[in-house]
Amino acid sequence: QVQLVESGGGLVQAGGSLRLSCAASGRTFSTYVTGWFRQAPGKEREFVAAIRWSNGNTNYADPVKGRFTISRDNAKNTVYLQMNSLKVDDTAVYYCAADPGITIGSMRMPGRYEYWGQGTQVTVSS
């Protein structure tokens, strides 16, 4: 069983920064991909960023490119999402997800991830 626990959400003004953490336990994650997704009220869950544990390869959604950075600490089994230059439109519940069978083609599809955290709220005020 894989457990994912997110932390680091909160309230920040537009232009500010937050760092989200996703602590993983229960498996050896060397073959996993971990992704960050977000869901705003009334909207579908959308892809934000993903990282492959084995080689650190990353993938970003266009709206966050250049502002968000995903990284991992193998020793701590933790994935981070550094969010800079935050915008009001970034307001959402952010979820981390993990799966051992994600390919490049499926990395952006939430339905392909088996394990999910409980989510952490990020609110950006104007």
Side-chain angles (χ1 to χ4, degrees):
Q1 186 70 16
V2 172
Q3 294 85 37
L4 303 174
V5 179
E6 301 101 332
S7 61
L11 173 65
V12 65
Q13 285 191 329
S17 299
L18 282 174
R19 189 178 79 157
L20 306 183
S21 300
C22 174
S25 62
R27 282 286 189 275
T28 300
F29 290 92
S30 59
T31 62
Y32 277 62
V33 168
T34 297
W36 284 98
F37 293 81
R38 65 187 182 186
Q39 189 165 19
K43 295 187 177 181
E44 293 186 353
R45 192 167 296 190
E46 65 174 2
F47 171 78
V48 176
I51 188 167
R52 187 174 295 280
W53 281 92
S54 60
N55 57 17
N57 282 353
T58 59
N59 193 287
Y60 294 93
D62 287 344
V64 307
K65 279 183 181 177
R67 300 189 297 123
F68 291 11
T69 302
I70 189 171
S71 61
R72 85 230 189 271
D73 184 329
N74 287 359
K76 296 182 178 179
N77 264 7
T78 299
V79 170
Y80 303 99
L81 185 68
Q82 178 66 43
M83 306 186 295
N84 298 329
S85 302
L86 282 161
K87 303 176 181 180
V88 173
D89 287 350
D90 294 319
T91 296
V93 178
Y94 283 70
Y95 300 89
C96 70
D99 195 278
I102 297 293
T103 63
I104 292 177
S106 62
M107 194 173 283
R108 298 179 176 224
M109 303 176 183
R112 297 297 184 96
Y113 289 77
E114 181 174 359
Y115 304 105
W116 289 84
Q118 81 287 353
T120 185
Q121 176 71 46
V122 171
T123 303
V124 184
S125 64
S126 58

Peer 1: Applying side chain to side chain contact (heavy atoms under 4.5 Å, CB included), name anything that partners Ser25, two or more places apart in sequence or on another chain.
Peer 2: Gln3

Peer 1: I'd like to know if the side chain of Glu6 reaches the main chain of Gly119, judged simply by a donor and an acceptor atom lying under 3.5 Å from each other, with no hydrogens or angles considered.
Peer 2: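 Yes.
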
Peer 1: Can you give me the closest heavy-atom contact between Ser126 and Ala14, atom names plus distance?
Peer 2: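 Looking at all heavy atoms of both residues, the shortest contact is CA-CB, 4.5 Å.
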
Peer 1: Hydrophobic clusters here meaning ILVMFWY residues chained together by side-chain heavy-atom distances under 4.5 Å, can you tell me if Val64 and Val79 are in one?
Peer 2: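 Yes: a chain of side-chain contacts under 4.5 Å links Val64 to Val79.
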
Peer 1: Is Tyr115 reachable from Val93 through a run of hydrophobic residues whose side-chain heavy atoms are each under 4.5 Å from the next?
Peer 2: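 Per the 4.5 Å side-chain linkage, Val93 and Tyr115 are not co-clustered.
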
Peer 1: Output a table of donor-acceptor pairs, distance under 3.5 Å, between side-chain atoms of residues 49-56 and any protein atom two or more places apart or on a different chain; print 'none' if there are none.
Peer 2:
unit_1, atom_1, unit_2, atom_2, d
Arg52, NH2, Ile102, O, 3.1
Trp53, NE1, Thr34, OG1, 2.7
Asn55, OD1, Asn57, N, 3.0

Peer 1: Not counting sequence neighbours, which residues clear side chain to side chain donor-acceptor pair (under 3.5 Å) with Asn74? List them please.
Peer 2: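 Partners of Asn74 by the side chain to side chain donor-acceptor pair (under 3.5 Å) criterion, ordered by chain and then number, come out as Arg72.
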
Peer 1: Same cluster for Tyr60 and Phe47 if Ile/Leu/Val/Met/Phe/Trp/Tyr side chains link at under 4.5 Å?
Peer 2: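 No, no single cluster joins them.
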
Peer 1: Can you establish whether the number of heavy atoms outside Ile104 located under 6.0 Å from its atom CD1 is more than 12?
Peer 2: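 12 or below, so no.
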
Peer 1: How close do Ala40 and Ala92 get, heavy atom to heavy atom, and via which atoms?
Peer 2: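 Closest approach of Ala40 to Ala92: N-CB, 3.8 Å.
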
Peer 1: For Val12, which residues count as a side chain to side chain contact (heavy atoms under 4.5 Å, CB included) partner, sequence neighbours excluded?
Peer 2: Leu18, Leu86, Val124

Peer 1: Restricting to salt bridge (Lys or Arg N to Asp or Glu O under 4.0 Å), what partner residues turn up for Lys43, sequence neighbours left out?
Peer 2: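 If we apply the salt bridge (Lys or Arg N to Asp or Glu O under 4.0 Å) test to Lys43, skipping adjacent residues, there are no hits.
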
Peer 1: For Glu114, check side chain to side chain donor-acceptor pair (under 3.5 Å) against everything at least two apart and list the hits.
Peer 2: none

Peer 1: Do Leu81 and Val33 sit in one hydrophobic cluster, given that two such residues count as connected whenever their side-chain heavy atoms are within less than 4.5 Å of each other, even indirectly?
Peer 2: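 As far as the 4.5 Å side-chain criterion goes, Val33 and Leu81 are not connected within one cluster.
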
Peer 1: Could I get the full list of ring pair (Phe, Tyr, Trp, His ring centres under 6.0 Å) partners for Tyr113, not counting sequence neighbours?
Peer 2: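 Ring pair (Phe, Tyr, Trp, His ring centres under 6.0 Å) check on Tyr113 returns Phe37.
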
Peer 1: Indicate the atoms forming the closest heavy-atom contact of Ser17 with Ser85, along with that distance.
Peer 2: OG-N, 4.3 Å

Peer 1: Which is it for Leu20 and Val122 under the side-chain contact (heavy atoms from CB on, under 4.5 Å) test, yes or no, and what are the steps along the way?
Peer 2: CA-CA 9 Å; Leu20 306 183; Val122 171; 4.0 Å; yes

Peer 1: May I have all residue pairs that pass ring-ring contact (aromatic ring centres under 6.0 Å, His included) and include part of residues 69-99, sequence neighbours excluded?
Peer 2: none

Peer 1: For Thr123, give me all partners under side chain to side chain donor-acceptor pair (under 3.5 Å), at least two apart in sequence or on another chain.
Peer 2: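 Only Gln121 meet the side chain to side chain donor-acceptor pair (under 3.5 Å) criterion with Thr123.
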
Peer 1: What pairs with Thr58 under side chain to side chain donor-acceptor pair (under 3.5 Å), at least two apart in sequence or on another chain?
Peer 2: none

Peer 1: Can you find a heavy atom in the side chain of Phe68 that is under 4.5 Å from one in the side chain of Trp36?
Peer 2: no

Peer 1: Once you round to the nearest 0.5 Å, how far does CG of Leu4 lie from CD of Gln118?
Peer 2: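 Reported value, rounded in 0.5 Å steps: 9.0 Å.
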
Peer 1: Are any of the side-chain heavy atoms of Asp99 and Arg112 separated by less than 4.5 Å?
Peer 2: no

Peer 1: Listing request: all salt bridge (charged side-chain N to carboxylate O under 4.0 Å, His left out) pairs with a residue in residues 33-42, at least two apart in sequence or in separate chains.
Peer 2: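 Non-adjacent pairs meeting salt bridge (charged side-chain N to carboxylate O under 4.0 Å, His left out): Arg38-Glu46, Arg38-Asp90.
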
Peer 1: To which residues is Met109 joined in a hydrophobic cluster, defined by side-chain heavy-atom contacts under 4.5 Å among Ile, Leu, Val, Met, Phe, Trp and Tyr, whether direct or through other members?
Peer 2: none

